[in-house]
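Please read all numbers here as calculations on a predicted model, not as lab measurements.
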Amino acid sequence: MQGMLIGARRRRIVNDFVAAGATSPATAISYVPAESATFRRLRGYGAIVDDGQGRYHLDVERLGAFRGAVRRRAAAVAGATGLLASAAAAMTVFALAE
């Protein structure tokens, strides 16, 4: 559930930049995020770039890389969860068979 909230926050920030046309250094905008933690995370990854004067723009290429990293991490978590669930089920079956 928390992941969906983070995704919605991230989409809101990205949509704000796209709607403002702030997708290059020349079109950078001043921005005060409602969700500062999500904004900091996007900045830390380089998807949101600070021009040093308090103006920001969206780096679309870095955003794509960031989204790919998020998807890979989600797939790894889903795979690990499935593996653990399978192991637990097998242990239950073996315990009941004894």
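To the nearest 0.5 Å, atoms CG (Leu42) and CG (Leu58) are separated by 8.5 Å. Here the OG atom belonging to Ser36 is positioned 14.0 Å from the CZ atom belonging to Arg41, to the nearest 0.5 angstrom. To the nearest 0.5 Å, atoms CD1 (Ile13) and CD (Glu35) are separated by 7.0 Å.
Note: the hydrophobic cluster containing Val18 also contains Ile29 (ILVMFWY, side chain heavy atoms under 4.5 Å, direct or indirect links).
Shown here are the side-chain contact (heavy atoms from CB on, under 4.5 Å) partners of Arg43, two or more places apart in sequence or in another chain: Phe39, Ile48, Asp50, Tyr56. Take Asp16 and apply the side-chain hydrogen bond (donor to acceptor under 3.5 Å, both in side chains) test, not counting sequence neighbours, and it matches Tyr31. Residues passing the side-chain contact (heavy atoms from CB on, under 4.5 Å) test with Ser24 are Ala26, Thr27, sequence neighbours excluded.
Looking only at side-chain heavy atoms (C-beta outward), Asp51 and His57 stay at 4.5 Å or farther from each other.
The shortest non-hydrogen separation linking Ser30 to Arg55 is OG-CG, 4.0 Å.
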